[in-house]
Protein chains: 2
Amino acid sequence: MKGKPFDPIPRGKRAFEEVAGAIKNTILGRVWSPGERLPSETELASQFGVSRHTIREALRTLELSGLIAIRTGVAGGPVVKDTIMASIGNLYLDAFQMEKISVEEFTGARQAIEKVILDDAFDNAGQEDIENLRRNVAKAKALVAKREIAKDVNFEFHSLLARASKNKVFVILEKTINTIHHDLRSRSPVDFKTTKAAVEAHEMLLDALISKERDKAMSILVKHIAAVRKSYH
Amino acid sequence: MKGKPFDPIPRGKRAFEEVAGAIKNTILGRVWSPGERLPSETELASQFGVSRHTIREALRTLELSGLIAIRTGVAGGPVVKDTIMASIGNLYLDAFQMEKISVEEFTGARQAIEKVILDDAFDNAGQEDIENLRRNVAKAKALVAKREIAKDVNFEFHSLLARASKNKVFVILEKTINTIHHDLRSRSPVDFKTTKAAVEAHEMLLDALISKERDKAMSILVKHIAAVRKSYH
DNA sequence: TCACATTTGTCCGTATGTATC
DNA sequence: AGATACATACGGACAAATGTG
């Protein structure tokens, strides 16, 4: 049992904002961690001293922020999650549509950002990062050998590269890039040839990284992303 | 008068999600543009054939996404806005707290990204961009001469640089960087010396840009951002 | 300045759907 | 299969904010 960390809220801003802020603080402060269940709506309503409707609006904002998920049913209720990156990616999609950003602009930015990430990975990647990348490529090659699509595994390669840069900002940026890439890709079917080419590029990139051939790795990366762009339609 | 672009909604997903999606499409599709007022909650409720409560939850999500703002009072109601960048910035702040991202990591990423932006600005900046940057620096120098804080003007310099890169993705990224920077800065008072140093760095950077001294500009930029980091505390 | 109309903010009560045990 | 504990949605009511005459 976890007690009642919530006090009745004062009325400065809108009530649901106060409630959302209070719950958010308990999540960011690790009072509850991802996976744990928050109290039900009625319970929260009584603890905060507000109506269920107010609680619902607060939970809506937290849900959209990617801090919680809500399940119906008897064992349901608000559960702490950390899908903030996906939420950021969704907002970027909105922004792209509002600003009418082209696939060319996105690809250009992606090339530049991933070059930066790769550059940092050259400086900061440890043995463990190399091993993770090796395993990823091996897994992808195994799938290709069975003529299966290795989409998720290929996404993971770039995430691992970002993690090897040792900068969590790049990890976040890479996740948003993945979200947008995933959205663009979802409009056109993924064919086997594209997957196979990507895996080959990843393998060459990893080899260049291991043998410390920076310029070679950069040129492979740029060509790889340019090839990915062509698969969008 | 603008008619009634909304049809009664079917019940597949949650009702408020359908409503939010429908309204979002009208905004992204420019049926309404920023500044225009959407119908009131009761009006929307009757058009969609749902309760006002459902409409309110839908509007909440759109508000948090930065697509609309809501004002109370007789001339109030939901107004179309485009503050998506601010929303993205806020989510990044959450992510930073969840992942415990350090100021050093943020600064490192900022240096790398702004270097990329500057590099593109060297290739793509037109005469108009140079003029805008010139005017910005002149305005900032005038404020410094009066010993005033030129915070907003200094933010604008980096935005103008992003625009000169001719890639809207960088414009968006720069806005999120500004939001985070603004949050970090808001915790410590802005002193005059920092502002003055920033303006001087901007002027040197612009000179190097005009005289096409790429390496010099890069080194000025990196030092400038490092100096900004020290002003956070 | 003051009353008034409009719109959001909040509350209460009720009914229904849904997932778990 | 049925009871239970949740979220989802509806309707009505009043308070608070805000622009208008």
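Atoms considered below: every heavy atom in the structure, side chains included; atoms not considered: hydrogens, waters and symmetry mates. Throughout, protein chains are lettered first and strands after them, A, B, ... in sequence-line order, and every chain is numbered starting at 1. This structure is a prediction, so every number in the text was calculated from the model and none was measured.
- Looking at A:E17 and A:R60, no side-chain N of the basic residue comes within less than 4.0 Å of a carboxylate O on the acidic one, giving no salt bridge.
- Judged by the 6.0 Å distance and 45° axis criteria, B:R185 is not positioned over the aromatic ring of B:Y232.
- We find that CZ of B:R60 is positioned 8 Å from C1' of C:dG9, with the value rounded to whole Å.
- Each of A:S51 and A:R71 was assigned the nucleotide of DNA chain C with the nearest heavy atom; the assignment lying further toward the 5' end belongs to A:S51.
- In this model, the phosphate group of C:dT7 is approached by a side-chain N or O of B:R37 to a distance below 4.0 Å at OP1 or OP2.
- Closest-nucleotide positions on DNA chain C for B:G77 and A:V74 were compared, and the one nearer the 5' end corresponds to B:G77.
- Per the geometry, CD belonging to B:E18 stands 14 Å off P belonging to D:dT8, to the nearest Å.
- Atom NZ of B:K168 sits in a crowded spot, with more than 12 heavy atoms from other residues, nucleotides or ligands closer than 6.0 Å.
- In the set C:dT20, C:dT10, D:dA7, D:dA7 carries the atom at the smallest distance from any side-chain atom of A:R56.
- Aromatic pair B:H158/B:H181: ring centres not closer than 6.0 Å.
- B:E41 comes within 4.0 angstrom of the backbone, heavy atoms only, and of no base.
- For B:I70 and C:dT7, the CD1 to P distance is 14 Å, given to the nearest whole Å.
- The nearest whole Å value for the distance from the NE2 atom in B:H53 to the C1' atom in C:dT10 is 12 Å.
- Straight-line distance from the CZ atom of B:F48 to the C1' atom of D:dA9: 16 Å, rounded to whole Å.
- End-to-end axis angle of the helix from C:dC2-D:dG21 to C:dC21-D:dG2, using five pairs per end and rounding to 10°, comes to 10°.
- Rounded to whole Å, the distance from CZ on B:R52 to C1' on C:dC11 is 11 Å.
- Note: CZ (B:F16) to P (D:dT8) measures 7 Å, nearest angstrom.
- For the OP1/OP2 pair of C:dC11 and a distance below 4.0 Å, the side-chain nitrogens and oxygens of A:T54 include at least one atom meeting the criterion.
- There is no side-chain donor-acceptor pair under 3.5 Å between A:S186 and A:D183.
- A salt bridge links B:E41 with B:R52: the closest approach of a Lys/Arg side-chain nitrogen to an acidic carboxylate oxygen falls below 4.0 angstrom.
- Summarising the geometry, the separation between CD on A:E63 and P on D:dA7 is reported as 12 Å, rounded to the nearest angstrom.
- Counting only distance, with no hydrogens or angles, the side chain of A:N154 and the backbone of A:K151 share no donor-acceptor pair below 3.5 Å.
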